Each structure stands twice: as structure tokens, then as C-alpha cells.
Amino acid sequence: MIDIKAFREDPDRFVRGAAEKQMSVDFDRLSTLDEQRRAVLIELEQKRAEQNRLGKESGPRIGKLKGQLKSASEGDRAELLKALVDLEATPVRLKSEIAALEQVLAEIEPTWYAILLTVPQPPAADVPRGKGSDDNIEVRRWNPAGFDNGVPFAQSRGFAPKTHQELVRSLGLVDFERGVKMSGTRHYVLTGMGMRLHQAILRYALDFMADQRGFQPIGVPVIVREECMIGTGFFPAGREQAYHLEESKRGSNHDLFLTGTGEVGLMGLHADEIIPIDALPLKYVTLSTCFRREAGAAGKDTAGLYRIHQFDKVEQVVVCKADDAQSRAWHATMLESVEMILQSLDLPYRLLQCCTGDLGVKNEDMIDVECWMPGRGDGGAYGETHSASRLGDYQCRRLNLRYKDEQGRMTHAYALNNTVVASPRILIPLLEMHQNADGSVTIPVPLRCHMGGRERIEAR
RNA sequence: GGUGGGGUGGCAGAGUGGUCGAAUGCGCCAGACUUGAAAUCUGGUAUGCCCUUUGGGGCAUCGUGAGUUCGAAUCUCACCCCCACCGCCA
């Protein structure tokens with residue numbers, strides 16, 4: 001959520017930001033409602049102030065009169081009653097005036113807030129302008145020694161690459177048919193060494209972040225309330241992407257949602273909290289199952305392990321002070337972790353600076369990591385495996401996650417998040433890059449300790 | 001799932017219709033005393049929003065929401081959450 005005060009001071013900044021993100025928001029309506037809301041609020045508060053004042057002045061007298069009325073003789077009753085009515089006249093009038101104003105406010109505020117929730121975080125100033133993913137800019141690329149993704153795979157390795165789909169079939173790593181039988185399209189079953197490789201890379205990534213990078217490992221719920229989804233900025237925009245457990249239809253009082261990333265749990269952890277300043281930055285890593293409906297992606301990447309409804313992901317988040325330089329430094333550090341992992345696995349990759357048009361509602365700066373997938377497309381292609389976002393205070397504002405700065409001012413923290421590794425998608429480059437001419441796959445050294453010491457996966 | 005108890009400031013805990021944003025204690029901050037510390041004493045110590053000539057002023061908040069009332073931490077209803085015991089269970 002954006003700061004409404006910042007919007008009042010400089011609405012253009014947000015109008016421009018939304019335009020750059022190719023998003024449409026009814027800013028005129030927001031401005032109008034905001035002004036109306038404030039006008040009503042001023043009037044309402046004046047009335048309430050008067051009501052409070054009268055409550056202190058004449059309230060006790062009213063109480064006294066009412067007491068007297070009970071034990072009053074018939075003769076005194078009329079007089080007491082009149083005094084009471086006089087005394088109550090103003091408060092009674094105020095009461096109805098206040099109720100009317102509250103009614104007006106109740107009509108304005110929900111719409112005001114709903115629009116406010118849809119205003120995107122403006123892109124950082126140095127994010128390149130662009131319409132969509134085609135305008136993203138490559139920052140750098142890396143290839144392991146002895147491999148060049150610029151030349152055909154067959155030329156550098158001496159044999160034509162199989163696709164990951166062919167490999168998982170021949171090596172017995174994934175059973176797509178039974179996955180689809182049980183759960184429908186975009187579902188799969190990991191079998192044998194496929195399951196072990198999946199677990200190995202997740203465990204390796206989690207351990208790496210905890211042991212080498214000082215991140216605290218945390219296990220979080222993947223079934224959350226709507227507030228968590230709104231607070232983390234996934235709702236309302238991404239409502240269609242989330243599986244919805246309609247528990248209310250079964251008599252429960254609230255529905256639940258399956259999270260599409262561990263970010264929801266990690267950030268939701270400290271919602272409505274004031275973090276001690278010494279505790280910052282928070283550096284968390286989690287491993288969680290992620291659920292995505294992939295609504296609107298019909299027909300896209302339908303085969304294989306690329307786009308699926310359920311996967312597991314090691315995710316890192318950082319919550320730091322509201323400081324642009326710190327945010328940028330952590331962004332670099334988080335990306336460095338990813339690069340260290342990919343390099344240790346000998347996986348070619350490149351970093352893309354996402355342009356304004358490719359950003360989501362909540363991020364102001366995003367770098368995607370794409371791994372080289374020799375079996376993708378025609379002759380290999382990069383495919384997105386990671387995404388590293390800087391969110392400014394957008395998410396913490398929604399989550400009401402704050403800290404007291406050095407001057408004692410309450411401040412919304414800045415948040416960042418980045419994939420560490422998402423599997424099985426990462427198995428695509430892993431299998432395709434490490435395949436051998438005989439159809440076997442060499443297991444990268446760091447994963448072997450989680451694979452019973454094996455060096456290769458071979459057809460049985 | 002059943003029964004019972006309970007949600008008040010950073011924490012503990014009082015408060016059953018007005019003088020209550022809220023006693024008291026602890027903690028924390030500042031000052032005094034002290035060579036320094038401890039102890040003691042004095043003062044301060046929530047959050048959000050609105051207005052503001054930036055001094056300050058106002059409104060709201062006692063789990064959440066609605067209601068009764070001239071007036072609600074206090075009464076009524078619904079919901080959320082926590083605790084205890086019983087049942088069931090990976």
C-alpha cells in the first residue's frame with residue numbers, strides 16, 4: 001500500500017508509476033473520495049468533540065435528574081421531566097447528526113480504501129522504462145568453465161541434448177500420467193531419484209542460506225487467512241492465482257488460501273508488530289510448498305515441469321530499515337547467494353533487470369534470474385528460475401510492520417524477497433545441463449551427500 | 001468436536017454506566033543525589049488519524065464488529081483468539 005499522504009503531496013508520482021507499470025487505477029476517484037473523506041471527518045470530529053464536552057458538563061446532571069425522577073412526587077415530576085428534556089436536547093440532536101455523518105463516511109471509506117489498495121508501488125527511478133518482458137535488460141551472464149551457451153549444445157558437448165521431459169522419462173524420475181490422473185493437468189509425481197534430487201537441491205539451498213549466509217530458517221503456514229494475502233500485496237490483484245478454501249461454506253467463519261510462495265508466511269510473521277531496531281535486518285529463509293492456479297496461463301508451457309500447480313521453493317526475505325541504500329545492498333547480497341548456488345551447480349544463467357512494464361503491483365525494482373535450459377525451445381533457451389524484488393515500504397505498510405528509528409519515529413520497514421531455489425523447475429536446467437551422451441545424468445557435487453553419495457543417475 | 005475459564009498500555013494487574021486513555025507495580029527514558037554504580041527521589045513513558053500560524057489542538061482505540069444509552073473498558077448480541085480438561089487423531 002502506498003502512503004496516502006505522499007499521494008496527496010505528489011499524486012503525479014503515483015499516476016506516472018502506474019502508467020509505467022502498464023496498470024490502470026482510477027486516480028480521479030481516489031482524489032475525490034479522499035477529499036470527501038477528510039471533509040466529513042473534520043465535521044464529524046467537531047461534533048464528537050462537542051458531544052464529549054457536553055457529556056462531561058451536563059451528563060452527570062442528567063444522571064442526577066433521572067435519579068430524582070424515580071423517587072419524585074407527582075407534583076415535581078413534570079418540572080423534572082422538562083428540565084431533563086431541555087438538558088438532553090442538544091446531545092440528542094448531536095447524536096443524530098453524528099450518526100448521519102458516520103453513515104456518509106461508511107459509504108465513502110470502503111471504496112476509498114479499495115482503490116488505495118490497488119495503487120501500485122512506483123518503480124524506482126533507475127528502473128528502465130518498458131512495456132513488458134521483451135524490454136528487460138540483461139545485466140550479466142555466467143557460464144561454467146568449458147561451456148558456452150552461445151554455441152550449439154551438440155557442438156560443445158559432442159551429442160544432441162535430450163529435453164528434461166525425455167530425461168525424466170528414461171530415467172524414471174517423474175510420472176506425469178499418474179499426476180494428471182490424480183489431480184489433472186499441470187500435476188506430476190516425483191519418483192525414485194527424481195524425488196531425491198528434488199529434496200537434495202532444496203535441502204542444499206536451505207542449508208546454504210542458513211550456514212553460509214546467516215539466514216534464519218523458518219517453517220511457516222502455507223494455508224493462510226485473507227489478511228495475510230492482502231497484507232503481503234498478493235490480493236486483490238492476484239486473487240485468481242490463489243487456491244481458495246471456502247471453509248465458510250462449511251460453517252467456518254473465514255475462508256483460507258493456499259500460498260503461492262513462502263514470502264507470504266515469512267512476511268506475515270511480523271504483521272502488526274513493532275520490530276526492535278536492533279533486530280533489523282530480519283533475514284529469513286523458508287522451504288515451503290507453493291500452490292498456483294496459473295489462471296490465464298492456459299496453453300502456456302503445458303508440458304513438463306516448467307509451469308505446474310504445486311512445487312516447493314526455498315525463499316529468502318529481508319526486512320531492513322527504510323533506507324534505499326540498504327535495500328539495494330541487500331538486493332545485491334541476496335542475488336549473490338543465488339549466483340553462488342547456481343555456480344556451485346555449474347548451471348549457466350543470466351540476470352535480467354526487469355523493466356517497469358514487467359513489474360508487479362508491489363515491487364519497485366526486480367531482477368529475474370534465468371537458467372539456461374538446453375532442451376527448451378529450439379536449440380536451448382533461458383527460462384526464469386528466480387526473481388528478486390525490492391518492495392520499498394509497500395508491503396510493510398500493508399502488513400503494519402514497523403520499527404522505531406533512531407529518532408524514535410515510527411517507520412515502516414523495507415522488504416525484499418528472492419527465490420533461493422524452486423524445484424522441480426530448477427531440475428529442468430539441472431538435468432539438461434548435466435546429461436551425458438549415454439543418457440545418464442551426473443549429479444553436481446554439492447548434491448551428492450543428499451543422494452546417498454551417488455555421482456550419477458542412470459537408467460535402471 | 002464437548003465443557004469450563006479468559007482477552008485491559010512493553011509486561012503484570014485493578015477497574016461492573018459519567019470525574020477512565022485508564023489505578024498500582026515492574027520495565028524503559030531523562031534529571032537529582034553519588035568519585036562511579038547500586039539504592040533512593042522527581043518527572044516522563046501507547047498507537048492511528050484529522051487540523052495546525054509547528055506552540056499545539058481535536059477524534060478514535062480496553063480482542064474485533066454491531067447494538068442499548070444523553071454518555072460504554074464496564075450492559076446486550078455476534079465473531080475472532082487464547083488457556084484448561086475430556087474425546088478424536090498424523
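Treat the numbers as computed from the prediction; the structure is a model and nothing was measured. Letters A, B, ... are given to chains in the order of the sequence lines, protein chains preceding strands, and every chain is numbered from 1. As a basis for the values below, the full set of heavy atoms in this structure was taken, side chains included, without hydrogen atoms, waters or symmetry mates.
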Give every residue pair that meets the ring pair (Phe, Tyr, Trp, His ring centres under 6.0 Å) criterion with at least one member in residues 84-121 of chain A, sequence neighbours excluded.
none

Say you pick atom C1' in B/C26 and the same atom in B/C81; how far apart are they, in whole Å?
26 Å

How far, in whole Å, is B/G15 from B/U52 if one measures between their C1' atoms?
36 Å

Taking only the side-chain nitrogens and oxygens of A/Asn52, find out if one of them lies under 4.0 Å from OP1 or OP2 of B/A60.
yes

Taking any heavy-atom pair under 4.0 Å as a contact, classify A/Arg225: base, sugar-phosphate, or nothing.
sugar-phosphate

Exactly one candidate in A/Ile367, A/Asn417, A/Asp368 meets side chain to side chain contact (heavy atoms under 4.5 Å, CB included) with A/Ser387; the answer is A/Asp368

Under 3.5 Å for both donor-acceptor distances, Watson-Crick or wobble: does B/U76 have a partner, and if so which one?
B/A66

Are A/Leu256 and A/Arg225 close enough that some pair of their side-chain heavy atoms sits under 4.5 Å apart?
yes

Quantified in whole Å, what is the C1' atom distance between nucleotide B/G1 and nucleotide B/U8?
31 Å

My understanding is that a pair needs two contacts under 3.5 Å, Watson-Crick or G-U wobble. By that rule, which nucleotide pairs with B/G17?
none

Any strand: nucleotide that pairs with B/G9 via Watson-Crick or wobble, under 3.5 Å:
none

When both distances are under 3.5 Å in a Watson-Crick or G-U wobble arrangement, the nucleotide paired with B/C59 is B/G48

Let me know the distance between CE of A/Met1 and P of B/C49, rounded to the nearest Å.
10 Å

Can you check the distance between B/A66 and B/G18, where both ends of the measurement are the C1' atom (answer in whole Å)?
23 Å

Side chains of A/Tyr394 and A/His412, donor plus acceptor under 3.5 Å
no

Give the nucleotide from the list B/C70, B/C49, B/U47 with an atom nearest to the side chain of A/Arg402.
B/U47

Taking RNA chain B as the partner, which of residues 103-119 of chain A come within under 4.0 angstrom of it by heavy atom?
none

Nearest-angstrom distance, C1' atom, B/G4 to B/U61
30 Å

For the aromatic rings, using the six-membered ring if either is Trp, is the centroid distance between A/His270 and A/Tyr284 under 6.0 Å?
yes

Classify the side-chain pair A/His386/A/Asn418 by whether it contains a donor and acceptor separated by less than 3.5 Å.
no

Can a donor-acceptor pair be found between the side chains of A/Asp365 and A/Gln353 at a distance below 3.5 Å?
yes

Can A/Ser423 and A/Asp312 be counted as having a side-chain donor-acceptor contact under 3.5 angstrom?
no

What's the base orientation of B/G55: syn (chi within 90° of 0) or anti?
syn

Distance between the C1' atoms of B/C85 and B/A78, in whole angstroms?
26 Å

Is any side-chain N of the basic residue among A/Arg397 and A/Asp393 closer than 4.0 Å to the acidic one's carboxylate O?
yes

Nucleotide opposite B/C33 in a Watson-Crick or G-U pair, distances under 3.5 Å
none

Between A/Arg38 and B/C51, does any side-chain N or O lie under 4.0 Å from OP1 or OP2?
yes

Do the ring centers of A/Phe234 and A/Phe257 come within less than 6.0 Å of each other?
no

Let's see if you get this right: which residues in residues 4-13 of chain A place a heavy atom under 4.0 Å from RNA chain B?
A/Lys5, A/Arg8

Among B/C50, B/C59, B/A46, which nucleotide has an atom closest to any side-chain atom of A/Lys404?
B/A46

For the C1' atoms, the ones on B/U16 and on B/C29, what distance do you get once it is rounded to whole angstrom?
36 Å

P-based separation of B/C28 from B/A38 [nearest Å]
10 Å

Counting only Watson-Crick or G-U wobble pairs whose two distances fall under 3.5 Å, which nucleotide matches B/G1?
B/C86

